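Residue numbers begin at 1 in each chain, while the letters A, B, ... track the order of the sequences. Being a predicted model, the structure only gives us computed values, none of them experimental. Atom set for the values below is all heavy atoms of this structure, side chains included, hydrogens, waters and symmetry mates excluded.
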There are 2 protein chains.
Amino acid sequence: MGTKTVKTIEDIAKLANVSKSTVSRALNDSSLINPETKNRIKAIAEEHNFCMNLPARNLSRRQSCTVGFVTHSHQCGFTVEDMFGLEIMSAIGSGLDVLGYDLLLIHMKPRDNSWAHQYFDSGRVDGFIMMKTGRGHAYSKLLSEMNAPFIIWGVPEPEINGCTVTGDNLSGGILATEHLIRIGRKKIAFLGGPEYDLEAQLRQKGYETAMRNAGRKIEPDLMVNGDYYLESGKTGMQQLLEKTPDVDAVFVCGDVMAIGAIEVIQKSGRRVPEDVAVVGYDDLAIATYNNLPITTVRQNIQMSGKLLAQNLVQSIKTGVVTHVTVPVELVVRKSA
Amino acid sequence: MGTKTVKTIEDIAKLANVSKSTVSRALNDSSLINPETKNRIKAIAEEHNFCMNLPARNLSRRQSCTVGFVTHSHQCGFTVEDMFGLEIMSAIGSGLDVLGYDLLLIHMKPRDNSWAHQYFDSGRVDGFIMMKTGRGHAYSKLLSEMNAPFIIWGVPEPEINGCTVTGDNLSGGILATEHLIRIGRKKIAFLGGPEYDLEAQLRQKGYETAMRNAGRKIEPDLMVNGDYYLESGKTGMQQLLEKTPDVDAVFVCGDVMAIGAIEVIQKSGRRVPEDVAVVGYDDLAIATYNNLPITTVRQNIQMSGKLLAQNLVQSIKTGVVTHVTVPVELVVRKSA
DNA sequence: CTGAAAGCGCTTACAG
DNA sequence: CTGAAAGCGCTTACAG
């Protein structure tokens, strides 16, 4: 509770000698209002530093102008998805701000699907934003059944009937691989994501495309799957080194795994990038801040956040379902 | 809008053949209600998957059950405060959840103080959480003038009249330094924060305390200020190496700066930790994920988030202003 | 224990 | 162009 005396449109109405209907219209820039009256009212509001009660307005309009960002609980420390998600969340916030929407954090607990009802049916949020996860389908179904607008960061799939925004994974894979080819590497390996992961699949496709375009063979011994965690970067790289000791480059599907890979390479007595060049993916903060700054494929996080915001709000307002792909770019640092 | 037919307490009232007052009381576990009636109503609500409209309840109760987490815009990339803040935000979310409060993200723009009015006077949030910044005082004053409850992550200061939660910086400094002494280092340097920063001051005091306790001299040549950014870790370490080439350990006031310091040490031809041991501060995700995992002082982020949540809500409800210090612990990894 | 009524602070047909 | 009135979906004195 503040200490101000002018707190409702009724207070303004009295000061301006009009009805609160008129104040409401003036403050909402209704075209029905006499311009002079409107300006007079606005001036009074301004003078008193008036802020309309938003919950009341929202109740009346039956909307919340708020969207929920769905996160998992971070009890067990951070994963890549968390880090990437955290960075993008910030961008989403800016994007929503200019649209007059707010961002609410929603923590969903492990085996609890009640968050969707709790936040949507209660009128707390008008829609949801979530990062793609393995269980994306389940959540997507849940939300569709509730008729809740939502948008997902991830590759569009037939089963998911909400909006999507994703990076251009195919181009990303090509860019990374072409860079390694360009700097003269002969045995270029691929350290991927989980098999079911569509983003990783596309990055792999990019890798294969670039290899073929350069007249290279795709060798199964040069390809291994990871799961985006640090540990899998280490074990994956270990395997690659064992199968192909003279490997001289690796395109790793995530920056965190790339860090693991670099560690293993160095431990094996090889130098990065001299003996083995490493390209990562995502351009997380740790890519820059790592001891050996990582050459990586940058996802345009600012633009992605903005698009997630805009397209979700559009979907809330009109029901239009969109799918967009955001361009990526190669950022050359020291690891390749 | 969902597709359900039972959406208001009035719908439930009809089904149960009672008034909506009674439904309201039953669902709110009022002691006035006949237990049988209460159970009957609850069963009906359950059966229809009923979710009360929270904005309406909040409007009626004149509260929002929402607190705002104030962040800066991240246009120019991440800084330590951002990374630490991001991690703690997640913990705050969990903490608020069990109290029935929601977390709203507030992006404040560079030279714009309107966020406070916009979110508080509009009834959008009941209070604020913010990370300590150089301009903490200004914001603190702003919020106090509005009578807005708030809590700050940072060292309490007379000018700041809201709640605070902070790590035990003094102990942190002692722990880090004692570790370096214990592992036999002779020339232990201190790479601090900005001079005005109270947290860094306390860490420095911890360093000095541990040094004195061990009968060491405090040598100005072994101490230099940084600003938490990567770059200052590099330049700071550079200076230390020039002033004291045989420095064999450094306590760095932040993990990001520690990464910069390690890079400079290695570039100078020295090994970490063999030639120069490095202890960081914060235990950010990057401390683990760094190429050379960093020995650091862990701030208990989970507990801190929980306390920030609990004490702010308490302050909202009762006006009580609290100041708490959270214990820290040393995490030994590879850099020292 | 329960209900009718007023109220939270807005918006918006409806009437003028 | 403006206002009186009903309504958004709850809560909570007040009366019984």
Side-chain angles (χ1 to χ4, degrees), chain A residues 1-2 4-42 45 48 50-66 100 118-126, chain B residues 1-2 4-42 45 48 50-66 100 118-126:
Chain A
M1 300 291 115
K4 300 191 336 193
T5 56
V6 179
K7 332 188 69 165
T8 72
I9 57 171
E10 191 143 17
D11 298 332
I12 302 280
K14 274 178 199 148
L15 289 171
N17 250 305
V18 293
S19 73
K20 53 184 187 145
S21 316
T22 301
V23 174
S24 170
R25 292 191 183 102
L27 263 25
N28 285 309
D29 260 328
S30 160
S31 57
L32 295 172
I33 293 283
N34 179 323
E36 279 175 30
T37 322
K38 185 189 287 187
N39 288 334
R40 194 163 56 83
I41 293 175
K42 283 193 167 182
H48 290 269
F50 176 70
C51 269
M52 180 139 52
N53 184 299
L54 259 23
R57 162 194 279 189
N58 288 335
L59 176 59
S60 185
R61 291 189 176 166
R62 258 167 282 157
Q63 61 181 14
S64 68
C65 282
T66 303
Q118 242 157 49
Y119 281 92
F120 190 68
D121 289 345
S122 70
R124 203 74 193 71
V125 304
D126 296 334
Chain B
M1 300 293 112
K4 301 191 331 191
T5 55
V6 179
K7 332 190 68 166
T8 72
I9 57 171
E10 191 145 19
D11 297 332
I12 302 280
K14 275 179 200 147
L15 289 171
N17 251 306
V18 294
S19 73
K20 53 183 187 146
S21 316
T22 302
V23 174
S24 170
R25 292 191 184 104
L27 263 26
N28 285 309
D29 260 329
S30 161
S31 57
L32 295 173
I33 293 282
N34 179 322
E36 279 176 32
T37 322
K38 185 188 285 186
N39 288 334
R40 194 163 58 83
I41 293 175
K42 283 194 167 179
H48 289 270
F50 177 70
C51 270
M52 181 140 52
N53 183 300
L54 259 24
R57 161 193 279 189
N58 289 335
L59 175 58
S60 186
R61 291 190 176 166
R62 258 166 280 155
Q63 62 182 15
S64 68
C65 281
T66 303
Q118 241 156 50
Y119 280 90
F120 189 68
D121 290 344
S122 70
R124 203 73 195 74
V125 304
D126 296 334

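The side chain of A/S19 approaches D/dA4 more closely than any other nucleotide in the set C/dC10, D/dC1, D/dA4. Ranking D/dC8, C/dC1, C/dA5 by closeness to the A/L59 side chain, first place goes to D/dC8. Comparing D/dA4, C/dC10, D/dT2 by their closest approach to the side chain of A/T22 singles out D/dT2. Among D/dC8, C/dC10, D/dC10, the nucleotide with an atom closest to any side-chain atom of A/F50 is C/dC10.
Across all strands, B/N58 comes closer than 4.0 Å to no nucleic acid atom at all (heavy-atom distances). Contact annotation for A/T8: backbone-only contact, meaning every heavy-atom pair under 4.0 Å involves sugar-phosphate atoms and none involves a base. Backbone-only contact: A/I33 has heavy atoms under 4.0 Å from sugar-phosphate atoms and none from a base.
The pair B/D29-B/K38 meets the salt-bridge criterion, with a side-chain N (NZ, NE, NH1 or NH2) lying under 4.0 Å from an Asp/Glu carboxylate O.
Taking OG of B/S122 as the start and CZ of A/R57 as the end, the distance is 10.0 Å to the nearest 0.5 Å.
For the pair A/S31 and B/S60, nearest-nucleotide mapping onto DNA chain D gives the more 5' position to A/S31. If A/T37 and B/V23 are placed on DNA chain D by their nearest nucleotide, the residue sitting closer to the 5' end is A/T37.
One C1' atom belongs to D/dT12, the other to D/dG16, and the distance between them is 16 Å to the nearest Å.
For a distance-only test at 3.5 Å, the side chain of B/R25 qualifies as a donor-acceptor partner of the base of C/dG3.
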Starting from the C-alpha separation in whole Å, work towards a yes-or-no answer on side-chain hydrogen bond (donor to acceptor under 3.5 Å, both in side chains) for A/T22 and A/S19. CA-CA 5 Å; A/T22 301; A/S19 73; 3.2 Å; yes
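The nearest whole Å value for the distance from the CZ atom in B/R57 to the P atom in C/dG9 is 18 Å. As rounded to whole Å, 15 Å separates atom C1' of D/dA13 from atom CG of B/N28. With rounding to whole Å, B/D29 atom CG is found 14 Å from C/dC1 atom P. At whole-Å resolution of the value, CD in B/E10 and C1' in D/dG9 are 9 Å apart. Look at CG on B/N53: it is 6 Å from C1' on D/dG9, rounded to the nearest Å. As rounded to whole Å, 17 Å separates atom C1' of D/dA6 from atom CZ of A/R61. Separating the CD atom of B/Q63 from the P atom of C/dG7 is a distance of 20 Å, rounded to the nearest angstrom. One can place NZ of A/K20 at 9 Å from P of C/dC8, the figure rounded to the nearest angstrom.
The backbone N or O of A/L32 sits nowhere less than 3.5 Å from a side-chain atom of A/R25 that would complete a donor-acceptor pair.
Across all strands shown, D/dG3 forms a Watson-Crick or G-U wobble pair with C/dC14, both key distances being under 3.5 Å.
Minimum interatomic distance between A/C65 and A/D126 (heavy atoms only, all atoms of both residues): N-OD2, 2.7 Å.
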